[in-house]
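Each chain gets a letter, A, B and so on, in the order its sequence line appears, and its residues count up from 1.
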Amino acid sequence: MTYGRTVEEPAVVERARGLLGRAFSAHGVTVVITEVEAYGGIDDPASHAFTRTPRSEIMYGPPWRLYVYRSYGLHHCANIVTGPTDRAAAVLLRAGRVVAGHALAEQRRGDVGPARLARGPGNLAAALGITLEDRGADVRTGAVRLGPPVGPPPISSGPRVGVSRAADLPWRFWVTGDPTVSAYRRSPRASSGTSGT
DNA sequence: CTGTTGATCCCG
DNA sequence: GGGATCAACAGT
């Protein structure tokens, strides 16, 4: 594991932690964010911004904008661009607890239990009704909106889910013990690392 | 609980 | 052709 070379912890990691516990609203549903992953941008081989392309261009723009991509052809995943601008870093929203618009979220997700309504990045985006059309939204002022900062909840960390490169970085953060946190295993292509609790 | 697989599409 | 995924299914 380890960081190989000496790498200072980037700002996006602190931003990721700071998003936990905050409200996030879109299309009639509000969640409290319970699980996130930091993506470091230009230096992070797991980040979509590692190679600068039209898809990842939004990550090179101003912070607090929404980066949405389609995953495996079926799902949408929502990120918040964090800046600084020249780093193209962003935080993937992986899970949340629905606190408003419960009926609408159920309508979109089906009759799963409350803990699973917005568990997993694809499910979170689905519950919130987020699609590619929401790309570029400013989450401080738009219809897709982030709530005010809150006092940080207890936080656990571990390797990022589903990434095959830089899989040893413990850049996944979640609210300790929260039942809405996704319980997925890491990428089969990931070779090393630990798991959190 | 664990592991496997198919669905499906924007992007490089 | 691949992937920052999910749900369904089978086996332990």
Problem - Length of the CD1-P vector between I58(A) and dC10(B), whole Å - result: 18 Å
Completion exercise
So side-chain hydrogen bond (donor to acceptor under 3.5 Å, both in side chains) across residues 37-48 of chain A, not counting sequence neighbours, yields E37(A)-Y39(A), D43(A)-R87(A), D44(A)-R160(A), H48(A)-Y67(A)
Handout entry: Nearest-Å distance for atom pair NE2/C1', residues H76(A) and dA7(B)
Key = 14 Å
Exercise for the section: Could you state the atom-to-atom distance from CZ of R70(A) to C1' of dT8(B) in whole Å? Expected result: 8 Å
Problem - Earlier contact from the 5' end, DNA chain B, for L132(A) and L74(A) - result: L74(A)
Exercise for the section: Indicate yes or no: at least one non-hydrogen side-chain atom of V13(A) is less than 4.5 angstrom from one of F173(A). Expected result: yes
Handout entry: Among dA4(C), dG3(C), dC10(B), the nucleotide that comes nearest once only the side chain of Y72(A) is considered
Key = dG3(C)
Problem - More than 12 heavy atoms from other groups under 6.0 Å of CZ on R116(A) - result: no
Handout entry: Options dA7(C), dA4(C), dC11(B), nucleotide nearest the side-chain atoms of R55(A)
Key = dC11(B)
Practice task
Quickly work out the E133(A) CD to dC10(B) C1' distance and round it to whole Å.
Solution key: 15 Å
Problem - Under 4.0 angstrom between R109(A) side-chain N/O and dA7(C) OP1 or OP2 - result: yes
Problem - Base dA4(C) paired with Y69(A) side chain (donor-acceptor, <3.5 Å) - result: yes
Exercise for the section: Determine the contact category for R165(A): base if any of its heavy atoms lies under 4.0 Å from a base atom, sugar-phosphate if only primed atoms, P, OP1 or OP2 are that close, otherwise nothing. Expected result: nothing
